[in-house]
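Keep in mind it's a predicted model, so treat the numbers as computed, not measured. The chains referred to below are lettered A, B, ... by the order of the sequence lines, with proteins before strands, and numbering in each begins at 1.
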Number of protein chains: 2
Amino acid sequence: MGRPIVRLKDVADRTGFSVNTVSLALRGSPRIPEDTAIRIRDAARDLNYMPNQVAKSLVSRETKTIGLVLTDITNPALTQAAQSIELALAERGYSTLFATSNNDLEEEKRVIAMFQSRQVDGMLIYPRSHRDLAHIRQLRRANYPVVLLVADPDAGVDAVSVDERRGAYRAVKHLIDMGHSRIGIIDSSNPMGNHEKRDGYVLALTEAGIEPDGTMSADPQGHSVIRGYWAMDKLMRLANRPSAVFTANDSLAIGALRWTQKNDLRVPEDVAIVGFDNIEFAEHAATPLTSVNYEIKLVTDLAVARLIELIGTQGTLPDPSVTLIDPELIVRESTHRRP
Amino acid sequence: MGRPIVRLKDVADRTGFSVNTVSLALRGSPRIPEDTAIRIRDAARDLNYMPNQVAKSLVSRETKTIGLVLTDITNPALTQAAQSIELALAERGYSTLFATSNNDLEEEKRVIAMFQSRQVDGMLIYPRSHRDLAHIRQLRRANYPVVLLVADPDAGVDAVSVDERRGAYRAVKHLIDMGHSRIGIIDSSNPMGNHEKRDGYVLALTEAGIEPDGTMSADPQGHSVIRGYWAMDKLMRLANRPSAVFTANDSLAIGALRWTQKNDLRVPEDVAIVGFDNIEFAEHAATPLTSVNYEIKLVTDLAVARLIELIGTQGTLPDPSVTLIDPELIVRESTHRRP
DNA sequence: AGGCGCTGTATTAACGCTCATACAACGTCA
DNA sequence: TGACGTTGTATGAGCGTTAATACAGCGCCT
């Protein structure tokens, strides 16, 4: 709104050269002799000239901006991801436009369209659901660089993600190895959501000859501590309550742990708890939490690298590649008291 | 890179109208008759036309984008702030360009310059330090809309923030009221940093006739749980150890709490702990934490509202206004065991 | 001496859009 | 009937930048 803006033209007028000469000089063209360049640079500095990236983008047809779409940044795992994505992109000269879909599909579509309109060079998307990817697949088909941060081998879209199914499998397998057979799960995988973790849970159980029990499952409807608390409450009120619980993330696990404290149960003696993501608070919880760990930075670095690769592709994009990072289980006291 | 882009011209060619007519029709000008508009809109939809915001911005001289500069988004309080800022801006039609300064002044300057170059309509900044604001003050003088997320009444820049000094004062006053006089502080206020909280701490002590004791202070050099743990370790190894500790944020407090667990001290009987920010984990910590609470959404909403107001200002910006939100203390078991 | 290739600079045309203006075609009214 | 609005559409300029091209002046070679 009426803020003064210094343009190439102003530097040109000041020095007596043409706009084009100034542009070349400031970009260090070898065709401009050193003394001319110095005079122009001095004038530009005096006037506090800053190149207008908007105009530049219009010409170059690239904005050096990528769009990051998350469902909700307050999820600690996503916060970490956002941080390291921004860092990785900044290192490569890209800026990050950031938006949250608030777990709403329409909002997700709106945000993606808005980013397209803003001519972002590519997008990193943590989609609301694995099921509704049509709009993203369509982007890809329109030759638009996109990398998902959840992995669906059949999505037809590039993706880099931790192998959630495998992580969940490892966690539940560990509980089984510790002698548990009544194992509950706290995971908000509604029919439309991502059920990788639930799949891993079921796999570990059936593999061990344990019939998955539908009543041992609670949907926390969110990822916050308090949600975990109430989901745990539901599970532990069962007549045949679980002796161990697997939760889809550490915030839920901390909520579950909190429930045990309030109800004077010992962890892991009375009930064992495993989380997912291994956030900092997991290690330092009242009872240090066993949790599925993976290097978020590895995931985001690979995702960013792939995205940059796609952006740099001339012509048609290569076939989508899906990369799964293998997570490890960090065993702590919440499942295994050291003697 | 060579992605096909549908322009007004394409829609014009398809319909036989001129570019201008198409532009007017799509923007719903009353000069375009209804049937023409419908034909144009249909063609635009068929071609999947999306307006190019970059070109639009070049003409309108506004990008409908604001720049958000944070030191480090993994600080839970800042995460929350980022989330609600993005939401508030999106509601008003603005996109959020986001960058972290990683607590480095040069990086902060670089990011701000980059945002200027990208023609953001305004910026929200959580600066690295209260001391080095010259570059931001200069922005303001150049008539650029900026709102700080920390309050310094003398900064000469608009700001909206929680009153940290007052929050710290309340926290420490509470400890004094509970009978403590040996009160430690864990706060990373280096000479160049923000020492509002430390000021509030000192004020409460001196007001109560207690001489602040320099040895009762630990610099955690960060805001993570583990930093709090080691800072607590330093304080509790003192010959004359504190009976209560005030920490600059809840992560540090949880670290301190963790130290007490490992060292078999009871909270609050052996040592009381107060945090700041009242994050979700504070309430659900092993011992629920007393913490300074304030509505982050209120702070960010006011900051966004002020920023939008500045952006809408014609001509010279009004005098800077500084708004401080008054925080409250939430008392929980970490300072006061209920009988 | 005339042509050639440098060197340094300017001119022009884009990029996709909006705004101001132009202007035909038509109807209206004195 | 002819000047005058109104309606619908087109033309041209301009936003700040880059890229392609033009071109004047000079030294050098044959």
Review point. Within the pair A/R61 and D/dT18, is there a side-chain N or O less than 4.0 Å away from OP1 or OP2?
Key: no
Revision key, fill the gap. With the side chain defined as heavy atoms from C-beta on, A/S18 is closest, among D/dG16, C/dA10, D/dT9, to C/dA10
Point to revise | D/dT17 OP1/OP2 closer than 4.0 Å to side-chain N/O of A/S23 | key: no
Practice item. Would you please confirm or rule out a distance under 4.0 Å between OP1 or OP2 of C/dT18 and any side-chain N or O of B/R27? Key: yes
Point to revise | Residue pair B/S95, A/R118: steps toward the side chain to side chain donor-acceptor pair (under 3.5 Å) verdict | key: CA-CA 10 Å; B/S95 292; A/R118 283 173 181 275; 2.9 Å; yes
Study note, to complete from the structure: Assign each of A/Q53 and B/V19 the nucleotide of DNA chain D bearing its closest heavy atom; nearer the 5' end lies the nucleotide of B/V19
Practice item. Calculate the interatomic distance between B/L24 atom CG and C/dC17 atom P; express it in whole Å. Key: 13 Å
Review point. Out of D/dT17, D/dT9, C/dA10, which has the shortest distance to the side chain of B/P33?
Key: D/dT9
Check your understanding: Does D/dT18 have OP1 or OP2 sitting under 4.0 Å from an N or O in the side chain of A/K56?
Key -> yes
Review point. Can you tell me how far C1' of D/dC15 sits from CD of B/Q119, to the nearest Å?
Key: 11 Å
Review point. If you check every side-chain atom of A/N52, which of D/dG16, D/dT9, C/dT11 has the closest atom?
Key: D/dG16
Revision key, fill the gap. Taken to the nearest whole Å, CG/A/D13 to P/D/dG16 is 12 Å
Check your understanding: Has A/K297 got more than 12 heavy atoms of other residues, nucleotides or ligands less than 6.0 Å from its NZ?
Key -> no
Review point. Are the side chain of A/S23 and the backbone N or O of A/V19 linked by a donor-acceptor pair below 3.5 Å?
Key: no
Revision key, fill the gap. Rounded to whole Å, CG of B/N20 lies from P of D/dG14 at a distance of 16 Å
Exercise for review: Look at all strands and tell whether B/S60 reaches a base, only sugar-phosphate, or nothing, counting heavy atoms closer than 4.0 Å.
Suggested key: nothing
Check your understanding: C/dA14, C/dT9, D/dT9: which one has an atom nearest the side-chain heavy atoms of A/V59?
Key -> C/dA14
Exercise for review: Would you kindly give the NZ-to-P distance between B/K9 and C/dA14, to the nearest whole Å?
Suggested key: 12 Å
**Study point:** Stepwise side chain to side chain contact (heavy atoms under 4.5 Å, CB included) test for B/I125 and B/L149
**Key:** CA-CA 6 Å; B/I125 306 179; B/L149 295 170; over 6 Å; no
Review point. Between D/dG8 atom P and B/I38 atom CD1, what is the distance in whole Å?
Key: 14 Å
Exercise for review: Report the distance from atom CD1 of B/I5 to atom C1' of C/dC15, rounded to the nearest whole Å.
Suggested key: 9 Å
Study note, to complete from the structure: DNA chain C nearest-nucleotide lookup for B/R31 and B/Y49: closer to the 5′ end is B/Y49
Practice item. Could you check how far CG of B/L8 sits from C1' of D/dT11, rounded to whole Å? Key: 16 Å
Exercise for review: Using only heavy-atom distances, decide whether a donor-acceptor pair under 3.5 angstrom links the side-chain of B/R7 to the base of C/dG16.
Suggested key: no
Exercise for review: State, with a plain yes or no, whether a side-chain heavy atom of A/Y49 is found less than 4.5 Å away from one of A/V22.
Suggested key: no
